[in-house]
Amino acid sequence: MKKFLLYFIPLLTLAIFIAVMNSGAFLKQPLGNDDRLYESIQHIEAGVKNKDWSEVKAEAATMEKAWDKIVRRIQFSVEKEQLLEIDGTIARIRGGVEAEDDQSVLEEIYYYYGQWEQLAR
Amino acid sequence: MNETVVVIVRVIISFFTLLIFTRLLGKQEVGQLTFFDYINGITIGSIAATLATDLSAKAWAHWLGLVGYALLTGLLQYITIKNRYLGKVLDGEPTVVIEDGKILETNLGKMRIKMSELMTLLRSQQIFDITQVEYAVFEINGELSVKQKPEYLPVTRKDLQIPTKTGRLATEIIQDGIVLEQNLTQRHKDREWLQQQLQAKQINDVKQISYALILPDDSLYIDTFKDNIGKETEMGDYDGPY
């Protein structure tokens with residue numbers, strides 16, 4: 001039993017470390033109803049295209065909350081700069097929504113899609 | 001991103017990965033490391049430190065680098081043990097640098113050692129007269145092994161034909177007031193014997209003892225927590241505290 005634990009504990013430790021460091025790709029996906037960031041941004045895109053600014057503004061708040069939740073989960077497996085970049089993109093989307101500037105919002109949304117693809121890869 | 005939490009998690013990953021890999025890579029002492037082993041160790045340590053604190057890159061990338069270095073180190077260790085020729089190619093081999101008091105300049109040059117360094121290494125071996133040296137070998141870990149000419153070697157018990165006894169090792173039997181039963185049995189002693197020995201030294205409780213050994217000649221060495229020493233050996237020049 002002792003010999004088994006002698007090998008099992010280090011192997012388990014390494015396995016947990018590997019899982020933590022690679023968990024980002026899984027943990028960026030929605031695990032509940034309030035962390036659906038990608039869907040939220042797709043709603044914003046649809047809203048902007050339809051010029052439905054009241055709905056877009058409500059969705060922008062949801063987007064920010066969802067992002068905050070995802071960051072807490074993936075911070076151990078991604079680069080700090082990547083998180084800061086997406087932080088910036090989300091802030092610019094929010095600004096564009098407040099200004100009701102559909103062109104800048106759409107630019108940022110498509111920039112975000114690219115960042116999301118690269119996140120935790 | 002909560003940097004504090006992330007760094008703490010990364011420190012845990014880095015620390016225990018390093019611990020596991022260094023245990024796997026064996027117990028080579030620092031003094032026995034070759035120049036390459038030394039640099040390799042520094043590189044592994046540096047990657048581990050970066051893994052813990054450099055948040056600008058993924059922990060996984062650093063961790064893979066760490067594993068890569070550890071695996072290659074393990075592989076080279078295996079090769080040097082299994083294949084004598086490759087072992088010599090990878091680790092180098094000991095080189096004679098002084099023979100019969102004469103410095104072998106070509107070998108010295110191959111090992112990139114300066115004359116002054118050679119003299120320093122000799123002096124560190126208590127050799128102040130190079131003519132006393134029969135052979136000096138520069139080892140792969142950077143140390144100099146010196147064989148003096150027989151006429152300069154100290155006389156041994158064998159030379160004088162004085163009978164000797166083969167020595168044994170000392171065995172710990174008490175540590176911090178706890179009797180180590182297993183070690184006591186190893187030396188074919190029991191609690192009763194221990195009690196008698198302690199009573200002979202006026203010690204009533206084993207808890208008063210910090211450390212006790214059975215010496216090679218079967219006598220008992222005891223160090224109690226109370227040292228009862230005066231201030232004569234006090235080294236400090238000031239009252240302190242400092």
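Residue numbering restarts at 1 for every chain, and letters A, B, ... go by the order of the sequence lines. Predicted model, so just to flag it, every value in this text is computed and none were measured. In what follows, every heavy atom counts, from backbone to side chain, and hydrogens, waters and symmetry copies are set aside.
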Checklist entry - Quick one: which residues of residues 65-83 of chain A reach chain B at under 4.5 angstrom, heavy atoms only? => result A/V71, A/Q75, A/F76, A/S77, A/V78, A/E79, A/K80, A/E81, A/L83
Next on the checklist: Applying a heavy-atom distance below 4.5 Å, give me the residues of residues 31-57 of chain A that approach chain B, sorted by number.
Outcome noted: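 Residues of residues 31-57 of chain A touching chain B at under 4.5 Å: none.
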Item to check | B/V6 versus chain A, the contacting section by heavy-atom distance below 4.5 Å | outcome: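 Both the backbone and the side chain of B/V6 come within 4.5 Å of chain A.
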Item to check | B/I13, part contacting chain A, at a heavy-atom distance under 4.5 Å | outcome: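 Contact with chain A: backbone and side chain both.
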Checklist outcome for this item: Looking only at A/N22, A/D87, A/L14, A/T13, most heavy-atom pairs under 4.5 Å shared with chain B are made by A/N22
Taking atom [atom1] of [X] as the centre, does the number of heavy atoms from other residues, nucleotides or ligands within less than 6.0 Å exceed 12?
| X | atom1 | result |
| --- | --- | --- |
| B/F36 | CZ | no |
| B/L75 | CG | yes |
| A/F26 | CZ | no |

Next on the checklist: Non-hydrogen contacts under 4.5 angstrom with chain A: give the residues of residues 43-67 of chain B involved, or none if there are none.
Outcome noted: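 Residues B/L55, B/S56, B/A57, B/K58, B/A59, B/W60, B/W63 are the ones that qualify, each having a heavy atom under 4.5 Å from chain A.
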Next on the checklist: Please give me the minimum heavy-atom distance between A/F17 and B/I12, naming the atom from each residue.
Outcome noted: CZ-O, 3.7 Å
Next on the checklist: Restricting to ring pair (Phe, Tyr, Trp, His ring centres under 6.0 Å), what partner residues turn up for B/Y211, sequence neighbours left out?
Outcome noted: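 Once residues adjacent in sequence are excluded, B/Y211 has no partner under the ring pair (Phe, Tyr, Trp, His ring centres under 6.0 Å) criterion.
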